[in-house]
Amino acid sequence: MLLWASLLILAPVGGQFATEIKSVISLHPPWTTLFQGETVTLTCKAFQSNAPQKRKWYRWYLPGEIQNETTGNTYEVRESGGYKCQAQDSHSSDRVDLLFTEANLILQAPSDVFEADSVVLRCQAKANIILNNMTLYKNGKVLQILDKTSDFHIHQASMKDNGDYYCSGVKDTHSVSSNKIKIVVQELFPSPVLKASSTQPIEGNTVTLTCETQLSLQRPEFQLLFRFVKSSMRSEWKISPEFQFSPVRRENSGSYWCEARRLNSLVQKRSQELQIQVQETVRDVRIHSHPEFVFEGQELVLICSVNGVPRPITVSWYKKQPRLLKDRELQTSSKTEFKVPVVQSSDAGEYYCIARNGRFSLESNSVIISVKVPVSQPVLTPRPPGTWTLVRDKISLLCEVQRGSLPIWYQFFYEDVLLMKTKSTSERKMFHRLSLTENHFGKYYCTADNGLGPQRSEAVMPVSQPVLTLSPPGTQTLVGNEVRLQCEVQRGSSPIWYQFFHEDVLLTRIEATSWRTRSYSFSVTAEHSGNYYCTADNGFGPQSSETINLSVIVPVSRPVLTLRLPRDQAVVGDVVELHCEAQRGSPPILYQFYHEDVTLGSSSSASGGGASFNLVLKTEHSGNYFCEANNGQGVQRSYTVSLSVRVPVSHPVLTLRTPRVQAVVGDILEIHCETQRGSPPIRYQFYHEDVALGSFSSLSGGGTSFNLSLTTEISGNYSCEADNGLGVQRSESVSLNVRVPVSRPILTLRTARAQVVVGDVLELHCEAQRGSTPILYWFYHNNITLETSTSHSGQGVSLNLSLTADHSGTYSCEADNGLGPQHSEAVTLSVMGLTGSKNSLIATSVTGGLLSMMAIAAVALLFYCWLLRKAGGKPTFDSSRNPSAPDPQESTYHNVPGWIELQPVYSNVNPNRGEVVYSEVRSVKKENKLTAASEQEPFKNTDSCVIYSQVKGASTAASKPQFLDPLTPHR
């Protein structure tokens, strides 16, 4: 209990043991094996407890060369290799090996595993690959079936978890195995060692117990706790690894050990036991020297042992002066040692010490120091150096010692044969001059002796020509390999200085003191190609080896594929240049180009700089492109580059769509524009007489339409344009003629007087105010067709009649331009008879004429009906207008000497040999060729006059005249 009472009043006096500042790499995610294309973030940390954590730079190595230098402590990697990092003001980290693989199944584990760590092993399948019966193996035996999870947890790692791990799965009855991972659980810290400042302390002195151990440099962020144990009693856990007994007492004697454990962990270790025996206090002061025999040039230590004198004390050192009354005081301090760094002969004499503590003053015994100076080992060197090369050269061999009492005897030997013996009384060196012969190229050495024992020099011998060799053998090696240059001589005395050169540039200079071989190793980079040689020199002049040429082969890096286009967008017909280039790689490099895994071609680059492949673009060339590079050290594939090939629009086709054959005012016109080729989106622009109507976009191909409500102003030329950003294309012009239906015509009767009488000329004028030409007009008298006429100018038409009494009645007209007939209002006309003698004549003539005309009309009517029945036709009058309409009445002629019999003549005219038949009835003079004096001009005809005209279809029996096509001739 007294022990712990004394311990409880003690405070820790120090922290944990200082270690070197070393960078540490951590991974996120924590795996060292990943799939190709994934990314790992490396974090570089440098733990230093007494320094600020501000870093100016971080260097990343892969492997052996600086890969990158950053200001941040993170670095993303995607390539396999061994990575190191180095933070400013710290050493580089241990190497972390990363593997990016294209395997279907991998086993992932952390890079380092320490005891008591919680470890996760993950059996991971590639995306889109489903494996069954996932099983984890350890040392070839099944460890666990991974049914519902791909993770296996080790909760408290220990040495029993060491071993080789892998996993497997089944895909389509085939077994798939992962990579193997070797797990070695490392000690977080070794078992501590308990040390004491003194295991047999004097009672009253201070004793410090130290529990020494060290955390792994990979886990410097952890903290250790310590406690000290004696028998069954334990102290509390403390951060400090030290405890002091001040002062130490006799009851503190006993067996001690210490224990160390990690904070918040179960990892705990103890040291071996240490026996401490506290000595009883005895007042005694003694002096002794170290070493006992002092040689000139050595360090002399005088020790004043003070026992039984309570602290604090001071110690004074004295040297006796026999011829003087007072001894010389050398030093006074609290230290119990007095040092003479370099002893000289004048330091010989008698010494003592005095210990004082304020109450006591104790003087020690005396010690006599006798300084002895034996000769040091002599060194034999040629003078001048580097000239011992030719026979009959005069050289001097210098034998020299650094210290030793004079006089000194020197002897020179060649192959153990004595050449000369001489004595030096004033200097510690001696020369021997000789002329070289063929027999003098051997071993030389010398001896020196001043009576305290002879000393022999090392043998010297000129070096032979060195031989430079490469390991591993061969003149070619890969980047990242370790190469060792070995320079060796067959003979030559040590020390030998070896120098290694690359292209006459000094790489390193190494001294060999015991072996005739020296080597220089380095991790190969691309810059290490070239000539190497070495030299060897031991003072007789340098000898140079033969030159060796080393060729460093650099595997190709991941190539970069660049698509070079003549414009911003890829267009059909353009020439695209596919350029593939690897930034690193020894030539020649073979480049292979692919489109959607289909080989396009290959090209070889004999001197670097990449290769190109030209392709004339077609629509099917859209898709993904990549390239591969290979120089015989493995194929590297570039990232995929997508290309979309656009097609310029072709000439569009404009289509006008109307609900009927002809475009009519008021109809809806659909204007459709469509191009047969072209990459969407396509913008269509519609024009009427070069005036823009509007525009629409088609996002998925096909055409587009624009609707218009037709008016007369819309007639004209239409066109459209198509544009998808690769050039505008315009359609052919399409003409549109918008036709206007005829309006209701107006019938006008024009006469010379207000009251018309028989014999007057009547002008019937029919005109429609609106309507597209040509317009066909019909004139009706009492709903019986008189005549038809066509107007091509838009104006009306007229019909002249010489009036008879039969012309009284209603008149009307009809207009039609193919878009529907329109009928005028009926106009009533009353024709008055003649007066005077004329009336008598007419009355007389009427009686006989009526009988004759009625007979003729009856015969003509019967004959006409017989012709119609034979032809399958119908009467020419419109039964809808007047079902009981009479036959055309007879013409009455005034002032005629005799009767003229009119014989109706029927004829069918079909000038176009089509289905339209023109029926005409003409009146022909049969007997009397005299012309009536009263005949009006409009009825004059040398042969006949048309008194009836009808247009019929040859295959139909339509009673109403039809509209004639404006391009068809008519009469």
Side-chain angles (χ1 to χ4, degrees), residues 17 19-20 22-34 40 42-45 47 61-64 77 80-85 91-101 103 105-124 134-144 146 150-168 177-193 212-224 260-270 480 482 523:
F17 302 107
T19 60
E20 63 177 344
K22 188 172 183 178
S23 301
V24 177
I25 289 182
S26 62
L27 309 178
H28 181 75
W31 319 119
T32 57
T33 304
L34 301 100
V40 175
L42 306 184
T43 302
C44 189
K45 296 181 180 179
F47 294 91
Y61 299 84
L62 171 65
V77 297
S80 300
Y83 290 86
K84 292 183 179 181
C85 81
H91 296 282
S92 64
S93 68
D94 291 337
R95 190 173 76 176
V96 175
D97 293 312
L98 299 180
L99 174 63
F100 293 87
T101 179
L105 181 65
I106 62 174
L107 180 61
Q108 297 178 314
S111 58
D112 296 300
V113 179
F114 287 87
E115 53 187 350
D117 279 357
S118 179
V119 181
V120 176
L121 303 181
R122 177 165 294 174
C123 188
Q124 187 73 20
M134 301 282 282
T135 306
L136 180 67
Y137 297 85
K138 176 184 177 183
N139 296 329
K141 298 181 180 180
V142 175
L143 181 60
Q144 182 171 324
L146 305 174
S150 61
D151 293 350
F152 177 76
H153 294 270
I154 302 175
H155 297 288
Q156 290 286 334
S158 62
M159 301 305 173
K160 65 179 177 59
D161 297 310
N162 290 345
D164 294 326
Y165 293 79
Y166 74 94
C167 65
S168 69
S177 296
S178 73
N179 54 299
K180 285 189 177 181
I181 291 180
K182 186 177 185 65
I183 293 182
V184 178
V185 180
Q186 306 177 51
E187 273 193 321
L188 187 61
F189 59 92
S191 297
V193 176
E212 292 187 357
T213 188
Q214 181 176 324
L215 278 167
S216 170
L217 295 179
Q218 294 297 106
R219 299 294 177 89
E221 71 274 15
F222 292 153
Q223 193 173 41
L224 292 180
R261 72 176 177 88
R262 198 188 90 187
L263 183 64
N264 299 326
S265 173
L266 299 178
V267 180
Q268 179 175 323
K269 300 181 181 182
R270 63 169 285 176
E482 290 288 333
S523 182

Please name the pair of heavy atoms, one in [X] and one in [Y], separated by the smallest distance, quoted to 0.1 Å.
| X | Y | value |
| --- | --- | --- |
| Cys85 | Ser23 | O-CB, 3.7 Å |
| Val267 | Ala116 | CG2-CB, 3.1 Å |
| Cys123 | Leu146 | CB-CD1, 3.8 Å |
| Val77 | Phe100 | O-CZ, 3.6 Å |

* Asked: For Tyr137, which residues count as a ring-ring contact (aromatic ring centres under 6.0 Å, His included) partner, sequence neighbours excluded?
  ->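 ring-ring contact (aromatic ring centres under 6.0 Å, His included) list for Tyr137, sorted by chain: Tyr166.
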* Qualifying residues under side-chain contact (heavy atoms from CB on, under 4.5 Å), relative to Asp151, sequence neighbours excluded ->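 Result, side-chain contact (heavy atoms from CB on, under 4.5 Å) vs Asp151: Val120, Arg122, Thr149, His153.
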* Asked: Who passes salt bridge (Lys or Arg N to Asp or Glu O under 4.0 Å) against Lys269, sequence neighbours left out?
  ->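 Partners of Lys269 by the salt bridge (Lys or Arg N to Asp or Glu O under 4.0 Å) criterion, ordered by chain and then number, come out as Glu115, Glu187.
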* Residues that Asp112 engages under salt bridge (Lys or Arg N to Asp or Glu O under 4.0 Å), provided they are two or more places apart ->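 Asp112 satisfies salt bridge (Lys or Arg N to Asp or Glu O under 4.0 Å) with no residue once adjacent residues are dropped.
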* Asked: Tell me, which pairs form a side-chain hydrogen bond (donor to acceptor under 3.5 Å, both in side chains) where one or both residues lie in residues 156-165, sequence neighbours left out?
  ->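 Of all non-adjacent pairs touching residues 156-165, none passes side-chain hydrogen bond (donor to acceptor under 3.5 Å, both in side chains).
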* With Gln268, which residues qualify under side chain to side chain donor-acceptor pair (under 3.5 Å), at least two apart? ->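 Here the qualifying residues are Glu259.
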* Gap separating the CG atom of Asp97 from the OG1 atom of Thr32, nearest 0.5 angstrom ->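 Spacing of CG (Asp97) from OG1 (Thr32) equals 8.5 Å.
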* Without swapping roles, check the side chain of Thr33 against the backbone of Gln108 for a donor-acceptor pair under 3.5 Å. =>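 Checked: no pair found.
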